[in-house]
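Since the structure is predicted, the reported quantities are computational estimates derived from the model, not experimental observations. Below, chains carry the letters A, B, ... as their sequence lines are ordered, and counting in each starts from 1.
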Protein chains: 2
Amino acid sequence: MKIALDAMGGDAGPGVVCEAAVDFLRKNTEAMLMLVGPEQEILGLLRDVDGGSEADRLEVKHAEDFIGPDDEPARAIRTKKASSMVRCLRALREGEADAMVSPGNTGALLVGSMMILGRTPGVERPALAVEFPSIWKGSTLLLDLGGTTDARARHLCDYAMMGITYAREVMDRAVPRFGLLNIGTEENKGDQLRLKTFPMFRDLAGAYDGCRFVGNVETRDLMDCPADVVVTDGFVGNMVLKTVEGMESALMEIISRAATGSREASDEDASLRSLMESKLKQFDYRNYGGAALLGVRSMVIKCHGRSGRQAIANALDKAYRAAVTRVPDRIESSLSERSESV
Amino acid sequence: MKIALDAMGGDAGPGVVCEAAVDFLRKNTEAMLMLVGPEQEILGLLRDVDGGSEADRLEVKHAEDFIGPDDEPARAIRTKKASSMVRCLRALREGEADAMVSPGNTGALLVGSMMILGRTPGVERPALAVEFPSIWKGSTLLLDLGGTTDARARHLCDYAMMGITYAREVMDRAVPRFGLLNIGTEENKGDQLRLKTFPMFRDLAGAYDGCRFVGNVETRDLMDCPADVVVTDGFVGNMVLKTVEGMESALMEIISRAATGSREASDEDASLRSLMESKLKQFDYRNYGGAALLGVRSMVIKCHGRSGRQAIANALDKAYRAAVTRVPDRIESSLSERSESV
């Protein structure tokens, strides 16, 4: 299995990407990696990292151009054929790689994946999914986070099937429990979209043994969630994720200002501070290990532009796991199984 | 000005409500209050509180029944004529009181307000608005929080006008800045509802001097918000508010578990803890001082069922302020002014 890694588009530059690449290869001794970006620069950076024994599983594919955060997505994909992102997507399409990770422009990655890889048969709208951390332990797959802004009930059903497959193959949940994000737990709660989706989710769970429907899930329960997979539309999902992000960064700022204000902090303050910081860092989406783009023909993972070494290495782990378990193929077959059962 | 206070429906029972009533009268020396609930019980509770010199500004209106949290809203309003909530609403309609506060069943209060008071002319859908606290100082009026689940662009425009009026009259913002809650700040971001609403908000600000449109506002900026009023639909607003609530209570639990681990901390040692607790408590919606129901003919404030003495007293202050400044009348005239200018 070979993972294509877009070396460009991250805020920290390709150096951090090269470090993460070597970390990943050291951990996954069967994996291969294709680093895509400016060849001479990358080779220089790799010499600094001392890839040593991993060098034979690491290839560099040259790309002289890259797509920046302000590039208009569709236009960039069409015109920047020599960009690292387009080269990664083409490598996937040609079978030169089995999955990819990119810290680049989200919109371009979405559009490029649909244009170059194509949608999974049966899927109208791809979705972005993140493993949202529990405050205590474990995590919940939350989707869609903004792959699509105006979703319909049948799209939410596709998201549920895709999320269930991902949770089973990548997150080790044998029989994933899935729920519908809503403003109340009762069946009659919600807007028209939720009211229409609820019975379709129940039917889906009835027709398909490999999952269990837990009903509606409220956002206040996301921190300690009763489901493995929580489905919502991309507009709401994006709003909820950014609410968490805003609260996380506001509280981190409070802690850091408090630290500056009281230099003689006691041990207890210091221990609470480090506890709060570690808990809050869980909710910093830069550390999630990337968002999986589900519903396209190959496995594509978007990591945040501000990702550090650890976050990129985590995203590579997820991509590798998803490639080994053939998540895109399994999504395709679960969707065709469903359409046969209807 | 007389405020009707529903003594029933709060989790803490009528005792806390009576305490809050006396606190309110002591603070607002011109105000009058009508306590609505079981007369003998309330009179007994008031003797315990020692209302003393406030007694002449406090009347008790008997109501032998009450609407519980599990009552079906429309049915409860129709059948429980002798409930404290219905008696409060009727007192408003008959002009016996100028505003009301209730900690009872939210759905019943919404339905009851529409059935008994009626909607403000020009308003199709009422909205629930809370003063969302900034992490540093000040607050932002966020609406709708679930008054309506499927809103259209023209409803969001009504919310904007209502919120602007409330912010000016009750929150002392001379020229309120208002924004549209969205997934990005650029004009072309969002779902169909947001794309349709954005230019309507710009036109509204152009036609009406008393406000300023700041564009789209992201949920991650709510904690330190660039607007006085932020408008969204009730489904999204409810999701966002409950996300904050879930994160607040999860973090409070982390702090309290950490505290249990170190019982011998001195008072000075606990400074970061008390800082975090006080900041997080801001985001506990039980302390917000209630949600204002905007778009009905009188001023109705819903406070949370779990409200304590301080929260109910805060809600009474808001109701009094809104009654003195005649918020419902001003909402009506701002809406008719708008329809004349179109």
More than 12 heavy atoms of other groups within 6.0 Å of A:Lys80 NZ
yes

Expected output: side-chain A:Thr149 to main-chain B:Asp191 donor-acceptor under 3.5 Å
no

Above 12 or not: heavy atoms from other molecules or residues under 6.0 Å from CZ of B:Arg75?
no

Contacting moiety of A:Leu181, where chain B heavy atoms sit under 4.5 Å:
both

Is there a donor-acceptor pair closer than 3.5 Å between any side-chain N or O of A:Lys279 and the backbone N or O of B:Ile254?
no

Considering only heavy atoms, give the residues of residues 139-146 of chain A separated from chain B by less than 4.5 Å, sorted numerically, with 'none' for an empty result.
none

For B:Leu193 and A:Asp150, run side-chain contact (heavy atoms from CB on, under 4.5 Å): C-alpha distance rounded to whole Å, both residues' side-chain angles, the deciding distance at 0.1 Å, then the answer.
CA-CA 9 Å; B:Leu193 177 60; A:Asp150 288 278; over 6 Å; no

Does any backbone or side-chain atom of A:Gln192 lie under 4.5 Å from a heavy atom of chain B? Answer side chain, backbone, both or neither.
both

Among B:Lys189, B:Glu253, B:Arg194, single out the residue with the greatest number of heavy-atom pairs under 4.5 Å to chain A.
B:Arg194

Pair A:Val240-B:Val240, side-chain contact (heavy atoms from CB on, under 4.5 Å): steps then yes or no
CA-CA 6 Å; A:Val240 167; B:Val240 167; 5.5 Å; no

Run A:Met276 and B:Ile255 through side-chain contact (heavy atoms from CB on, under 4.5 Å) and show every step you take.
CA-CA 8 Å; A:Met276 291 300 285; B:Ile255 294 174; 3.8 Å; yes

Considering non-hydrogen atoms only, spot the tightest contact between A:Gly246 and B:Met223 and give its length.
O-CG, 3.7 Å

With a 4.5 Å limit on heavy-atom distance, are the side chains of A:Leu251 and B:Ile135 in contact?
yes

Evaluate whether atom CZ of B:Phe66 has more than 12 neighbouring non-hydrogen atoms of other residues, nucleotides or ligands under 6.0 angstrom away.
no

Are the side chains of A:Glu248 and B:Met247 in contact, using a 4.5 Å heavy-atom criterion?
yes

How would you list, in number order, the residues of residues 228-239 of chain B that have a heavy atom less than 4.5 Å from chain A?
B:Phe235, B:Val236, B:Asn238, B:Met239

Kindly indicate whether the side chain of A:Asp221, heavy atoms from C-beta on, has any atom under 4.5 Å from the side chain of B:Lys242.
no

Per-residue contact mode, A:Ile183 against chain B (heavy atom under 4.5 angstrom)
both

